[in-house]
Amino acid sequence: MLRIDCPWCGPRDMVEFTYVGDGTLRRPEIGAEDGHFDYVYLRDNPKGPHVEIWRHGVGCRRHVAVTRDTATHEMLATGKPGEGAS
Amino acid sequence: MTGQTNRLQEGGRIDRAQRLSFTFDGATMTGYAGDTLASALLANGVSLVARSFKYHRPRGIFSAGPEEPNALVRLRGGERVEPNTRATMIPLYDGLVAESQNRWPSLGLDLQAANQLIARFIPAGFYYKTFMGPWSNTKLWMRFEHAIRRAAGMGAGTHAPDPDDYDKMSAHCEVLVIGGGPAGLAAARAAAASGLRVVLVDEREEFGGRLLFDREEIDGAHASHWLAEQTAALEAAPNVRLLSRTTAFGYYDQNMVACVERVSDHLIEPPPHRPRQRLWTIRAKEVVLATGAIEQPLVFADNDRPGVMLAGAARAYVNHYGVLPGRKVVVATNNDDAYRSAIDLHDAGASIESIIDVRPGGAGALAAAAKERGINVLRGYAPVKVQGRRKVRRLAILKLDADGKPTGAQRAADCDLVLVSGGWQPTLHLSSQTGAKAMWDAEKGCFLPGPPRQRERSAGACAGGFMLAECLAQGHAAGLEAAEAAGAVRPELEAPRAAAVAEKPTRLYWECPEPINTPGKKFVDHQDDVTASDVRLAHREGYVSVEHLKRYTTLGMGTDQGKTSNIPGFAIMAKARGVEIGATGTTTFRPPYTPVALGALAGPEVGEHYMPLRRTPMDSWHVERGCEWIDAGLWRRPRYYPAHDGESLFDAYIRETKAVRGAVGLCDVTTLGKIDIQGPDAGEFLNRLYINGWKALPVGKARYGLMLREDGVVLDDGTTSRLGEHHYLMTTTTANAVRIMAWIDYHLQVVWPDLKVKATSVTEQWAAMAVAGPTARRLLEPVIDRDLSNEAFPFMAAGPCRLLGGEEGAAPIPGRLFRISFSGELAYELNVPADYGHEAWERLMAAGAPYDVVPYGMEALGNMRIEKGHVAGPELDGRTTADDLGLGRMMSSKKDFIGARLARREDLVRPDRKQFVGLVPVDGRTALKQGAQLVAKDAPATAGTLAAGGTPIRMEGHVTSTGFSPELGHPIALGLVGRGRERLGEELSMRYPLRDLTVPVRIVDPVFIDAEGKRVHG
Ligand SMILES: [Zn+2]
């Protein structure tokens, strides 16, 4: 079971979190006409370090940016969303 | 039975003062405390203990440990029965009851052994072959399967509930040592000296590993002294936790190891308040794997007969349990270690007929010890066939030439026990589970652990250090290293020592030659009845990968996961391919290492503890009123309130519907999600979440809102009220409350962190109740301290209030009142702080008494929303757009919102999409079925098979929700139908194949009652 070092709560077991999605995505600005399709559907499937968003639902209810190695499950870093965990 | 005929007069770690009684297949026998079921059966001279899985061949006890492939028994009885339990791992207790498996009518006379005679018709891959080629369309498979499944198969369990308790425990430590043999003990001793927290686990009843059965010396004294000393020291150390009877079965990410402790399995039943088993999840900074090694067999004809046993196991029975498993013994080996067994059995009184060593050069230093005892060693010979059906009688052997080919005449030796040894394979299960890839070592003839992927290291036999001296040295070093890696100062400590023994290398030789004139089956995997020829057949049919070999032949797929069969199997495959074993690799090791009871994994989280139950503040009122419940996520909600015993669901909800529409009803709606949203940008945020506009909503007003997902499909709906300049209260459906809260959190924290908005769930902070019906206002007026007239508090008004009433002098309850309606009647929703919920409910019931107020449940609530054509969960099915649901006009064109852009995609605005409609049975009587298909009125009864050229019947739509309108006097339904809104009045056919039901239906407007919406404004 993975451990995630929540920037607000400290290291906690994965069961307290929910995987939300790709942390590298940027939603098109409100009012933008383009980019929505890519935002919703297009995903890279990188082998190696990847920034993901996890939600600490059974803890602080905050979202955490987690850098995880998709090949080894190694947790490389955690941080606040948008502040760049990578 | 004639008693413990094979028990030695002395020796072993059993307690001869404690005689235990047990039964096997109904026969009563005795053993001693410290026995396993296997050692006690051997002591009593029982050699035939099981029938094999596929061919029902007689089988005996093959090993003395967790690797046992044959001696699987049905343990205990009644609700505690446990099939497929390894006799070698069952500690004997007084009153133990065990039965053999896979036999009919009895173990001795098994009529299904005839499977052996048709064996050539059940070759490797039989299961797959009948799916393909000329057989594929014949249903032959189904007939075969029926017969074979009945004959093959494992022991039967029970459907009775498990009477025992299971526990779960989490632990943390700096150093976890897995395996309590010499390497593990040395590692734990070294690590503990650092003062760090150390946990040592071992799957056996007691620590010691090989020290329990090998006659060796440590630090100049018999190893059992060192064992006793170390165990006592570790037990006394405050920083060490010892867990015996505990199997580490899974190695997971970030050094989390899952273990199962058999707390009470050595007892006839768990004592009161003690669990049967306990699941440990141990998170360690550093791990030392000292998991030992498993002896492999040799492969020759009829090598599965009772009386064929692993050489090391026989030594364990003699030295650990004081049992002599045979008197006339032949030992067949490809390595030195089996000589120890020959020597120990000789010293215990057995006659060693010969050691058959496949190596032309024979053994190292141990050869001299054998010679001293006058044991005959045949170098460069191989065993080729066991003679004797239910018991070994003779072993046929052949001389090998330099290439390992047979030469000369076949000879045979009389014996009652054949010991086999194909060398020892490190137990790599846990190390491999970390992702470390096992590496072949041709010199040692075994797979070794690969470079670590987690913070672990292997020591002793599991790292290829098979000799006791190596186990101690490597374990000691690993313990020191782990303590240092975990942050301690490296302890100053002498390593325990044992003498090194000069051994000759193992020969990479497992499959022995065919016997002359007398064929037999050469078993590779005893548990799955896979033979050497099955492996070769798979190769001839094109299989190359060991993963495919495993699935095709079932090699290694039994409950033992091939612990004694994988290496010989891979060796045969490698030889057939003409490559080294290293080139074939191993199959993937997956948890669990040995079978784990599902009860242990579930732990205490069963029954009412499986999930938390959410109750509304009015729950006890509903209980007193005797409601019937329905689950809504984790909540329980009243489904209906029977007026008298035996009132049917239908009668009750129709009665409740009529009461609301005729006068007034009260419904507990606490479970709807409530989210408090505040901040200067709250209006802007709602504008982005909902498809309709929010900025113009005045304070004191509620509005119905619809949300889309980013892909343009409807996500959820509900009303949101503006309570203040920067303060809104959102409601969601019960089912989506958590999801919408997460959705809001995500957008506020990740997507638009610049918005000045805070949101929090207040679902549990407020009790909510709906007062609905034409007399709702009259009910509320005397108890609500505000003007409820249409002018002062019109439809969709929202604001604070105080609830009067209650006992004489009772204080008013502060709350919030909303004039919103799900039922379509004049209705209000009152929210009060949760602690006041029960009291507020009672005040409303009291205030409603003059108007015959009734409580109504989910069925009536749902029925009334169907009458009003409101969408709910069955329509918000993750596929419908706002326009599909007839709510397309709500989509604002003046602003952007989540889903706006993708909702305009071609396929989501196609005119022939399924649209939300009402449905009625043409006959005005027949109830419709939720989920039923709608097809053309004149569609054929069946489509006919595709093979016969039939075409599927076109689906026009489906039924989403069904009810009965007492006002209209007939069944009603909602559904989704292609171009439905253009087709009002058209007839379709409803098909419900589960009940073979065909009902003509008519498409109608989804609003069945009060289409103009006069009542809500009343
Ligand atoms: Zn947290």
Side-chain angles (χ1 to χ4, degrees), chain A residues 1-5 7-8 11-15 17-42 51-66 68-76 79-85, chain B residues 170 172 250-258 281-285 434-436 452-455 591 612 681 684-685 687-689 708-713 738-739 741-755 758-761 894-905:
Chain A
M1 193 190 324
L2 296 172
R3 267 193 149 193
I4 295 173
D5 192 0
W8 291 277
R12 299 296 167 95
D13 273 345
M14 188 178 82
V15 289
F17 296 80
T18 315
Y19 176 78
V20 177
D22 189 334
T24 63
L25 299 171
R26 293 291 168 263
R27 192 189 186 279
E29 292 296 319
I30 278 291
E33 269 301 302
D34 294 322
H36 297 81
F37 183 85
D38 290 11
Y39 175 65
V40 172
Y41 292 106
L42 295 189
V51 181
E52 306 170 332
I53 299 293
W54 291 68
R55 172 182 152 85
H56 196 188
V58 192
C60 58
R61 232 185 70 208
R62 304 257 200 149
H63 289 77
V64 182
V66 174
R68 182 179 67 98
D69 189 311
T70 57
T72 64
H73 290 322
E74 200 183 341
M75 305 306 256
L76 301 168
K80 300 175 186 182
E83 291 186 5
Chain B
S170 296
H172 298 260
Y251 200 139
Y252 299 92
D253 289 310
Q254 284 160 303
N255 266 10
M256 199 197 85
V257 177
T281 46
I282 303 178
R283 182 84 69 170
K285 269 198 179 145
T434 67
R453 296 281 294 271
Q454 296 206 36
R455 299 186 65 159
D681 291 330
E684 169 63 21
F685 182 55
N687 251 6
R688 296 182 186 186
L689 285 181
L708 306 186
R709 309 189 305 215
E710 285 284 7
D711 65 359
V713 169
V738 174
R739 189 173 164 197
M741 188 68 239
W743 181 247
I744 287 174
D745 280 342
Y746 178 73
H747 284 89
L748 288 180
Q749 293 174 28
V750 180
V751 183
W752 301 310
D754 51 316
L755 287 183
K758 295 285 178 196
T760 194
S761 167
K894 297 195 190 82
K895 58 149 191 168
D896 193 11
F897 53 89
I898 292 175
R901 180 65 193 82
L902 296 187
R904 297 201 300 267
R905 282 178 295 166

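Here is how names work: the chains are called A, B, and so on, in the same order as the sequence lines, proteins then strands, and each is numbered from 1. Quantities reported herein were computed from a predicted structural model and do not represent experimental measurements.
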Self-check item: Minimum side-chain heavy-atom gap A:M14-B:D253 below 4.5 Å
Solution: no
Quiz item: In Å, rounded to the nearest 0.5 Å, how long is the span from CE of B:M256 to CZ of A:R3?
Solution: 10.0 Å
Quiz item: At what distance, to the nearest 0.5 angstrom, does CE of B:M741 lie from CZ of A:R55?
Solution: 7.0 Å
Practice problem: Using non-hydrogen atoms and a 4.5 Å limit, figure out which bit of A:I53 sits close to chain B: side chain, backbone, both or neither. | Solution: side chain
Quiz prompt | Heavy-atom proximity to chain B below 4.5 Å, by part of A:R62 | solution = both
Quiz prompt | Part of B:I898 lying under 4.5 Å from any heavy atom of chain A | solution = both
Quiz prompt | B:R709 side chain near A:V40 side chain, heavy-atom distance below 4.5 Å | solution = no
Quiz item: Is A:R27 close to B:V750 at the side-chain level, that is, under 4.5 Å between some pair of heavy atoms?
Solution: no
Self-check item: Minimal non-hydrogen separation, A:Y39 against B:V751, with atom names
Solution: OH-CG2, 4.1 Å
Quiz prompt | From CA spacing to verdict: side-chain contact (heavy atoms from CB on, under 4.5 Å), A:E29, B:D896 | solution = CA-CA 10 Å; A:E29 292 296 319; B:D896 193 11; over 6 Å; no
Self-check item: Heavy-atom pair count under 4.5 Å with chain B, highest-scoring of A:D34, A:T18, A:D13
Solution: A:D13
Self-check item: Per-residue contact mode, B:A742 against chain A (heavy atom under 4.5 angstrom)
Solution: both
Quiz prompt | Under 4.5 Å from a heavy atom of chain A, the part of B:S170 involved | solution = neither
Quiz item: Would a distance-only check, ignoring hydrogens and angles, find a side-chain to backbone donor-acceptor pair under 3.5 Å from B:Q749 to A:R61?
Solution: yes
Exercise. Could you look at A:E74 and say if it's the side chain, the backbone, both or neither that has a heavy atom under 4.5 Å from chain B?
Key: neither
Quiz item: Could you give the distance from CH2 (B:W752) to CD1 (A:I30), rounded to the nearest 0.5 Å?
Solution: 4.5 Å
